[in-house]
Amino acid sequence: PLSTTQTPHMASEVPSLQDAAQAALRPVAQALVQIGCCAPCVLRYVQHTRTDQLLNGAKALKTLYDINFEPKGVCCACLGILPNILDVSFQEILTNTVAQAGYECEDVVLAITTPLSLNLRHHSIMLYLEENFSDLVGKTSIIADVQPVKEIAKVLLHNLVPAYLKIPYNSKSPFRITMTFEHPDTELTLELLQRLGHKRARTHKSRDKRSASAQQQAVSAAMLTSVLENVDNEEFKSNTSCPPDMPAQPCVLLPPSCFADSIFLAGRYCKYCRELSQTPWILDGERHTELSVQELLQAPILARIKADEARFSSAGREDVDVRMLGAGRPFIFELINPRRRRIPAELLAEMQAEVNASTTRVAMHDLQQIDRDETAVLKDGEETKTKTYSCVVWTEKDYSGQPELLAELLSVKDLVLKQKTPLRVMHRRVLAVRDKMIHNIKFEVLKPHFLRLWLSTQAGTYVKEFIHGDFGRTLPNLTTLLSCPADILSLDVEAINMPWPPSVKSAAAAAAAPVAAAPVAPVAAPVAATAPVAATAPKEPLPATVAQPAS
């Protein structure tokens, strides 16, 4: 269209200028055809990269330059990649790959890996053009920035993929197909770099017995570009052909690989036994527990979502011999390379019910799909959440007839502890003294020498060590508060006071619940000495006697 400053006479000159440039480029196009470039490569070198032109390269060359294009063999510029993409066999490979992989996807993006030797061939062609058409080639000339093969391939695929796969092409799609093209020229490229003095290429090549694509990772395109920018043109031409020779064979397309971005599921779990680790417990190749909470929870999820792997994280962790009661512990599964992306509420309820029907050792609640951004909630809550514990404690002194004295001794509020790294975790935790807080303590006398305590604590407090003192590594502790030895017999986590993830209200979730559990009282609610919090699992019997604790 005419601008506001153009006159009709000026506008009439525009087509003539375009015609002049097109006429000047005709010898360049003919030369590129002569040295063995494919039609799309000829067009990209002479700056014609409209999609309709690239898709019908021979027709475009006839229309633009009156060239009757006939391919001479494998393209010396792209090694046959662009004609391959336009071939019907490529469509078959792509559609079969996606069909066999079984992904549910709304759109797709393709990642393409091309041989390093394309950079070398491009440099050789540009030198050839500069020598023969110096007035047309250069940064300020008609032929300036030539689109790389990879970018032209993306332009073609952006238009072809929707027709092939019946889904749109989206550069931000979570579903990605990676296509890798290999060619024996890669080895020759590495040898050339050695001759030009690239020491890093020499080092990798001397020990590299991998495939061509694996070898070229040792020498990046940036390294090659750096060498080519600094090498003398005559030295370059003395070491390789200019223009490049036509290859004897085209690039080989390796089997395409599919990958989907992770999806995330969140929920809460309860643990009702004292012989189950949270995650697989394997030391020196030997399992120390038969199963784990993670494995029991993830089995039906992996099967239904068809993911390669499930990465488990949670709001803290309990010891093997500690139960997780109440509303449960918040957790997240990151599902790696899932075949399904959108998980309906019905399927979530089915997976939850399957877990809860398969075992009495754990239970899952409030399973839901979340966004990646929500996963930060677990980390953010590490230092702010509080926990409620219950434990059965033995004391050397009998307080069964002195509840008032016991209430006085345990009437603490926001008691600050100095906890040196416990002996039992020294092998995996840094030695340090950590300040932790006991917010309050409630109690019930069970029988002579036996108490049940409820403790509201800061996240990260070592409760076992608070009870027995860990040989003085935790101060103060229950032993110092009562002025008599004490030890812990059993420990339960009653509540993780964290309002996430939100509760899922559904009939399916309610039907899947394994054992009805009375809710745990909030942390701030007072607990009467004679009216303890309702348990979420059957009470365990107390021993008739207890030995003097080692601590």
Next on the checklist: Please check this pair: side chain of K271 against backbone of V322, looking for a donor-acceptor N/O pair closer than 3.5 Å.
Outcome noted: yes
Check: Can S314 and Q278 be counted as having a side-chain donor-acceptor contact under 3.5 angstrom?
Finding: yes
### Message
For the CD atom on E106, are there more than 12 heavy atoms of other groups (residues, nucleotides or ligands in this structure) within a distance under 6.0 Å?
### Response
no
Mind running side chain to side chain contact (heavy atoms under 4.5 Å, CB included) on F466 and I441 for me, showing each step along the way? CA-CA 12 Å; F466 167 71; I441 303 174; 3.9 Å; yes
Closest heavy-atom pair, I496 versus G328, reported as atoms and distance to 0.1 Å, is CG1-O, 4.0 Å
Output for pair (W454 CH2, C391 SG), nearest 0.5 Å, gives 9.5 Å
Less than 4.5 Å apart, side chain to side chain, heavy atoms only: is that true for E151 and V149? no
Candidate pair E374 and R372, rule salt bridge (Lys or Arg N to Asp or Glu O under 4.0 Å), full reasoning: CA-CA 5 Å; E374 294 181 73; R372 180 184 289 272; over 6 Å; no
With side chains defined as the heavy atoms from C-beta onward, is the minimum distance between D261 and R176 less than 4.5 Å? yes
Interatomic distance, OG1@T178 vs CZ@F259, rounded to 0.5 Å, equals 9.5 Å
Requested in this report: Look at the side chain of Q369 and the backbone N and O of R341, then say whether any donor-acceptor pair between them is shorter than 3.5 Å.
Outcome: yes
D435 and L417, any side-chain heavy atoms less than 4.5 Å apart: no
Would a distance-only check, ignoring hydrogens and angles, find a side-chain to backbone donor-acceptor pair under 3.5 Å from D319 to D321?
no
Smallest heavy-atom separation, C258 atom then Y103 atom, equals O-OH, 3.2 Å
T474 and N477 have their tightest heavy-atom pair at O-ND2, 2.8 Å
- Without swapping roles, check the side chain of E334 against the backbone of A310 for a donor-acceptor pair under 3.5 Å. no
Check: Hey, mind stepping through D398 and K447 against salt bridge (Lys or Arg N to Asp or Glu O under 4.0 Å) and telling me if it holds?
Finding: CA-CA 9 Å; D398 179 12; K447 65 179 188 179; over 6 Å; no
>> Assess the residue pair E318 and R329 against the criterion (salt bridge (Lys or Arg N to Asp or Glu O under 4.0 Å)); give the C-alpha distance rounded to whole Å, side-chain angles, the decisive distance to 0.1 Å, and a yes or no.
In response: CA-CA 9 Å; E318 67 282 337; R329 185 183 297 276; 2.8 Å; yes
### Message
For F312 and Y269, take the angle between the two ring planes, folded into 0 to 90°, and tell me which bin it lands in: parallel under 30, tilted 30 to 60, perpendicular over 60.
### Response
tilted
Worked verdict on H439 versus L415 for side chain to side chain contact (heavy atoms under 4.5 Å, CB included)
CA-CA 6 Å; H439 296 292; L415 176 67; over 6 Å; no
So CZ of R361 and CG of L296: to nearest 0.5 Å the spacing works out to 5.5 Å
> Under a 4.5 Å cut-off applied to non-hydrogen side-chain atoms, are F450 and V445 in contact?
Replying inline: no
So OG1 of T457 and NZ of K385: to nearest 0.5 Å the spacing works out to 10.0 Å
Run the side chain to side chain contact (heavy atoms under 4.5 Å, CB included) check on L367 and F331 step by step: do they pass? CA-CA 9 Å; L367 187 63; F331 70 85; 4.3 Å; yes
Is there a side-chain contact between I177 and V108, using heavy atoms and a 4.5 Å cut-off? yes
Worked check of side-chain hydrogen bond (donor to acceptor under 3.5 Å, both in side chains) between T461 and Q419: CA-CA 8 Å; T461 303; Q419 291 201 301; 5.1 Å; no
Nearest heavy-atom contact between P338 and L335 is CD-O, 3.5 Å
Heavy-atom nearest pair, I301 first then M351, reads CA-SD, 3.7 Å
Rounded to the nearest 0.5 Å, the CG atom of L409 sits from the CZ atom of F443 at a distance of 9.5 Å
- Query: Backbone N or O of C270 within a donor-acceptor pair of the R323 side chain at under 3.5 Å?
  - Reply: no
Using a 4.5 Å cut-off on heavy atoms from C-beta on, say whether the side chain of R274 contacts that of Y272.
no
When R434, E465, R473 are each screened for side chain to side chain donor-acceptor pair (under 3.5 Å) with T421, the one that passes is R434
**OP:** State whether the side chain of K436 and the backbone N or O of K418 hold a donor-acceptor pair below 3.5 Å, judged by distance alone.
**Re:** no
When rounded to the nearest 0.5 Å, the distance separating CG of L157 from CG of L94 is 7.5 Å
Practice prompt. Count the heavy atoms of every other residue, nucleotide or ligand shown that sit under 6.0 Å from NZ of K150, and state whether that count exceeds 12.
Written response: yes
Is Y389 reaching over with its side chain to a backbone N or O of S456, donor-acceptor style, under 3.5 angstrom?
-> no
Note to self: Has N337 got a side-chain atom pairing as donor or acceptor with A260's backbone, closer than 3.5 angstrom?
What the structure shows: yes
For a 4.5 angstrom cut-off between non-hydrogen side-chain atoms, does K420 reach L475? no
Closest non-hydrogen atoms of Q294 and T279, given as atom of the first, atom of the second and distance, are OE1-CG2, 3.4 Å
(request) Output, in order, the C-alpha distance, side-chain angles, deciding distance and verdict of side chain to side chain contact (heavy atoms under 4.5 Å, CB included) for I467 and L453. (result) CA-CA 10 Å; I467 300 299; L453 302 183; 4.1 Å; yes
| query | Does E295 use its side chain to pair, donor to acceptor, with the backbone of S292 at less than 3.5 Å? | reply | yes
Heavy-atom check, side chain of I263 versus side chain of I305, under 4.5 Å: yes
- Between the side chain of D492 and the main-chain N/O of E494, is any donor-acceptor distance below 3.5 Å? no
